[in-house]
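This report refers to the structure that appears directly beneath it.
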Amino acid sequence: MQRLVVESDRMMDYNVSSKVEQRGVLAGMLLGTGKIRENNFFIEHSENQEDYLIFKQHLLEQITLKPVSISQWKTKKGKVLFRIEPKLIPLTRVLIKKLYPGKNLTITRNFLNLLTPQGIAIWFMDKGSKSFKKKNGKIHALEVTLNTYLSKLENELIVTYFSDLWGFRWGLSKAKETYRLRMGTKEGKKFLDFLRPYIHPSMLYKIQTSYNITATT
């Protein structure tokens with residue numbers, strides 16, 4: 001199985017011929033925007049992220065070896081959404097049981113250990129963000145966020161996972177009654193560089209750090 005090519009001049013490293021890579025990608029999708037329905041899951045994106053959804057569609061077709069169709073619907077507020085739902089395979093069923101041992105999403109180290117760099121990239125493309133901090137009208141720092149919106153304990157598990165397996169240091173940021181992960185400039189640049197080979201062209205804006213920033217945070 002060949003790496004997935006999304007542009008004529010850019011090849012993304014998404015070879016999902018092995019079970020390890022398949023698990024990693026599916027785990028990233030489930031931690032990202034994947035929504036559970038019975039034993040399976042579906043993914044929705046707005047119309048301005050249609051290219052990114054098609055990228056996921058192709059990945060899921062390679063993993064399940066079955067066609068994945070795209071459906072379109074409109075919310076009551078008039079927002080157009082695109083949805084894909086892969087054919088259920090045993091691997092998907094197992095992963096959903098691991099992440100949802102009951103009715104609610106439950107983060108465990110065993111599940112996080114299934115992630116690959118590709119899966120982490122999908123998780124970040126779905127739920128990650130970056131911003132630039134300004135002082136006296138000038139950009140002076142980068143902030144990278146993984147918007148998990150989970151309990152403090154679950155986020156601490158994720159922090160430990162990234163530190164132990166990948167050497168990245170995340171901090172916690174409170175968001176109302178939940179928490180999310182945060183990095184400053186120096187660590188954030190390292191993390192975004194790590195993700196770069198796996199970022200879809202339509203999501204490159206999430207890792208762009210071309211501004212002249214002194215890495216002090």
Side-chain angles (χ1 to χ4, degrees), residues 1-17 21-35 41-64 66-75 77-87 92 115-132 139 142-149 162 166 168 170 180-183 185 187-211 213:
M1 192 174 294
Q2 300 297 315
R3 289 191 177 102
L4 185 64
V5 179
V6 295
E7 286 184 332
S8 59
D9 61 345
R10 186 171 185 267
M11 181 175 287
M12 298 177 67
D13 192 3
Y14 276 86
N15 186 335
V16 290
S17 57
E21 295 297 339
Q22 291 172 13
R23 281 198 302 265
V25 166
L26 288 173
M29 290 183 179
L30 291 171
L31 289 169
T33 55
K35 298 178 181 178
F41 74 102
F42 64 92
I43 295 170
E44 287 180 338
H45 284 287
S46 59
E47 58 183 333
N48 64 341
Q49 293 184 335
E50 184 180 4
D51 288 346
Y52 179 47
L53 185 75
I54 292 172
F55 158 69
K56 288 183 175 179
Q57 175 196 28
H58 292 164
L59 275 178
L60 289 169
E61 287 178 339
Q62 291 186 50
I63 292 171
T64 64
K66 296 176 182 179
V68 176
S69 60
I70 297 179
S71 59
Q72 177 181 336
W73 65 287
K74 188 177 291 187
T75 67
K77 294 183 178 181
K79 183 178 181 180
V80 176
L81 295 175
F82 292 95
R83 176 185 294 181
I84 55 175
E85 183 171 349
K87 300 296 182 181
T92 302
L115 286 164
T116 56
Q118 292 88 341
I120 294 170
I122 289 173
W123 189 10
F124 185 79
M125 286 188 283
D126 282 359
K127 291 194 171 181
S129 61
K130 74 154 194 339
S131 60
F132 296 102
I139 294 172
L142 169 72
E143 183 174 74
V144 176
T145 305
L146 185 57
N147 301 300
T148 51
Y149 297 119
F162 274 111
W166 304 104
F168 294 115
W170 287 95
R180 56 183 181 170
L181 305 188
R182 177 201 171 277
M183 279 179 175
T185 303
E187 199 70 10
K189 283 187 172 183
K190 285 166 52 181
F191 181 67
L192 297 182
D193 284 343
F194 164 75
L195 296 181
R196 190 173 297 277
Y198 318 106
I199 300 297
H200 187 269
S202 67
M203 293 291 171
L204 285 172
Y205 71 93
K206 288 199 171 190
I207 65 166
Q208 185 268 338
T209 59
S210 60
Y211 290 99
I213 303 170

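Source: prediction; values computed, not measured.
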So, do L195 and K206 sit near enough that their side-chain heavy atoms are less than 4.5 Å apart? no
Name all residues meeting the salt bridge (Lys or Arg N to Asp or Glu O under 4.0 Å) criterion together with E61; count only those two or more places apart in sequence or in a different chain, and write none if there are none. none
Here the gap from R196 atom CZ to I207 atom CD1, rounded to the nearest 0.5 Å, amounts to 4.0 Å
I'd like to check the ring-ring contact (aromatic ring centres under 6.0 Å, His included) partners of F168; sequence neighbours left out, ordered by chain and number. F191, F194
side-chain contact (heavy atoms from CB on, under 4.5 Å) involving T75 - partner list, sequence neighbours excluded: W73, K77, K79, L81
Minimum heavy-atom separation for I70 to Q57, with atom names? CD1-OE1, 3.5 Å
For T116 versus G24, what's the shortest heavy-atom pair and its separation? OG1-CA, 3.5 Å
Value rounded to 0.5 Å, distance of CZ in F41 from CD1 in I84: 7.5 Å
Contacts table for residues 47-54: side-chain donor-acceptor under 3.5 angstrom, sequence neighbours left out:
| residue | atom | partner | partner atom | Å |
| --- | --- | --- | --- | --- |
| N48 | OD1 | S46 | OG | 2.3 |
| Q49 | OE1 | H45 | ND1 | 2.8 |
| Y52 | OH | D126 | OD1 | 2.7 |

Listed by chain and number, what are the salt bridge (Lys or Arg N to Asp or Glu O under 4.0 Å) partners of K66, not counting sequence neighbours? none
Tell me every residue that passes side-chain hydrogen bond (donor to acceptor under 3.5 Å, both in side chains) with E85, counting only those two or more places apart in sequence or in another chain. R37
Using every non-hydrogen atom in the two residues, find where W166 and L115 come nearest and quote the distance to one decimal. CZ2-O, 4.3 Å
Heavy-atom side-chain proximity of M12 to F55 below 4.5 angstrom: yes
Could you work out, with side-chain contact (heavy atoms from CB on, under 4.5 Å) as the rule, every residue matching N147, not counting sequence neighbours? S129, T145, Y149, R180
What are the two closest non-hydrogen atoms of F162 and L146, and how far apart are they? CE1-CD2, 4.4 Å
Hey, could you give me the CD1/CD distance between I199 and Q118, rounded to the nearest 0.5 Å? 11.0 Å
Can you see which heavy atom on L181 is nearest to which on T148, and at what distance? N-OG1, 4.2 Å
Between CZ of R23 and OG1 of T92, what distance do you get to the nearest 0.5 Å? 12.0 Å
Quick one, M29 and L60 - any side-chain contact, counting heavy atoms below 4.5 Å? yes
Got a sec, which residues hit ring-ring contact (aromatic ring centres under 6.0 Å, His included) with F82, two or more places apart in sequence or on another chain? none
Those residues that, when tested against K87, pass salt bridge (Lys or Arg N to Asp or Glu O under 4.0 Å) (two or more places apart): none
Would you call I122 and Y198 a side-chain contact if the rule is heavy atoms closer than 4.5 Å? no
Is any side-chain heavy atom of Q72 closer than 4.5 Å to one of V80? yes
